[in-house]
Structure formats: C-alpha cells, structure tokens
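Comments concern the structure below.
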Amino acid sequence: MRIGVFDSGVGGLTVLRAIRDSFPNVDLVYLGDTARVPYGTRSPETVVRYSVECADFLAEKGIDLLVVACNTASSYAMDVLKERLRIPVLGVVEPGVKEAVKLTKGKVGVIGTQATIRSGTYQRLLESFGLEVFAKACPLFVPLVEEGLTEGDVVERVVEMYLSELKEAGVDTLILGCTHYPLLKGAIRNFMGDVQIVDSSEAVASALKGEVTDEGKGTTELYFTDRYQNLEKMVELIMGERMRTLPAGIGSQ
Ligand code: DGL
C-alpha cells in the first residue's frame, strides 16, 4: 500500500508521522509545497489550483490513497480532488470533526488559517451535529512555528491574544484546524486549561484504520517544491530524525 500525503509546507509532516506511527509498513510519499506556503492567506481558486497540482504530482508516483493533510486545501478542494482522482481521497476536516463530536459536551472551538475559517467548512459540519461552534483564525501561529518558536513568552502572548475569546466562551473541546498547530499544543493546552484538544493528525491516522492494510516496505519519500535553509531542521523537529529531502519539480506561482 502506497499513501500520498500533501500539505502547503512542512506542517503536514505531523500527519505523516501519525500515519507512520499507526502503519509502520506502508510506503509513504509526502509532498510539501514549500515554494508556495502559506495557502491560508490565498483565494479559494488559488488554493484549489495548487491542490490539484500537488495531487497530480503524487498520483504520478503511483499512490493508492491520497491524504490531503492541509486544512486549507481540505476546506476548499475536496470535491474537485475526489472527482479528479480515481483513488480514495481523505481530508483532515471530517476526521477532526468526528473526533470532536465524540469528545464534546456541546461547545466546540475551531482554530485555523484565515482561509480555513473563512470557508466555514468546519463550522457547517460541526453545526450539522447540533453543536455550538466558536471559530477563530490565528494567522500568526504558522509563522511562529516556521521560525521554530513553539514555546516561551512570545508564543504565550500570541496564544492568549487569539484564544482568550474561546476560553471566555467556555468551549470544552478545541479542534486544531491547521497542520502547524500540533507543534503549539503545549502552549495551547497550558492556556486553555481543562479542554479536550483534537489534533487532526491523530484523527486522520485513526480514520485510516479500516481503510488501510499495513503492508509494504515501510519506505518514506519526502518531496518539497522548495528546499529552503530551515527545511532540514523543520523535518527533523517534526519527524524526530534526520531525513533526506527531494526536489519536486513543481511549484511555480
Ligand atoms: N497547512 C496549512 C493548513 O493546515 C497551514 C499553512 C498554510 O497557511 O499554508 O491550513
């Protein structure tokens, strides 16, 4: 079994790692569109166009299943990708919502990029389960993580700035609706206190159980559209080991 995973950058490696932890034998191919990150500030049309290019790149690598690890892409491009590809396509929104529905007592918070929150995809799906939903875009979280800043004073102040209103609203469950946010989980948990945190990377890995047979050679190929200076460091931070990165040969604006 060969699974393709794409994200706008390195954040989707949190999803890749969760899949690897659950399925040690499958073959994984990852594409990070580091040349065009962030997707979260772009128009829906651009997000869809980039997502199609990423999906086509991975489809050519002979994958049996595609995981759209980017919340922004999952918010806008799922219908197009499902129609275009002849293999199963799984996004991050549905698994995250299902997990939240299981955990919540009724008040759910969801945080993500501006584009993800503006799309209303999470909100509509959560509301269809009769839940009260509080959504908040947290645009500074991605650059913080990209800078390797995941704890300390600056992080705590930004977390407080964005999450105060969700805390005051009394949400009991919080969905981290962006691939980068699991890296801020410690700071988010410290500030929010006693709330259930839904990490979409873990939710995706559990959604794959039943769909995926853990068979293959256990290989991991990592492709990036731009191999910038910090890349190797970020890969190591998220995957927990040094890994080889390969050029993808796509990614022009
Ligand atoms: N990968 C994106 C997401 O999960 C975050 C980074 C970006 O804005 O591209 O929404």
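First listed ligand is number 1; within each ligand, the first listed atom is number 1. Counting from 1, the numbers follow the sequence of the chain as shown. A quick note: this is a predicted structure, and the numbers were derived from the prediction, not measured.
In terms of modelled atom types and a separation under 3.5 Å, the side chain of R157 and the main chain of G152 share no donor-acceptor contact. At least one donor-acceptor pair under 3.5 Å links the side chain of R227 to the backbone N or O of T245. Listed for the T219 side chain is no donor-acceptor partner under 3.5 Å among the backbone atoms of D27. At distances below 3.5 Å, not a single donor-acceptor pair connects side-chain atoms of R189 with backbone N or O atoms of M192. No donor-acceptor distance shorter than 3.5 angstrom exists from the side chain of Y162 to the backbone of I111, with no hydrogens or angles considered.
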N or O contacts of ligand 1 with protein under 3.5 Å, please list pair by pair.
unit_1, atom_1, unit_2, atom_2, d
ligand 1, 1 (N), D7, OD1, 2.6
ligand 1, 1 (N), S8, OG, 3.0
ligand 1, 1 (N), T179, OG1, 2.9
ligand 1, 4 (O), N71, N, 3.0
ligand 1, 4 (O), N71, ND2, 3.3
ligand 1, 4 (O), T179, N, 3.0
ligand 1, 4 (O), T179, OG1, 3.2
ligand 1, 8 (O), Y39, N, 3.4
ligand 1, 8 (O), G40, N, 2.8
ligand 1, 9 (O), S8, OG, 2.6
ligand 1, 9 (O), Y39, N, 2.6
ligand 1, 10 (O), T72, N, 3.2
ligand 1, 10 (O), T72, OG1, 2.7

| request: Begin from the C-alpha positions of F141 and V159 and carry the test side chain to side chain contact (heavy atoms under 4.5 Å, CB included) through to its verdict. | output: CA-CA 8 Å; F141 281 180; V159 166; 4.0 Å; yes
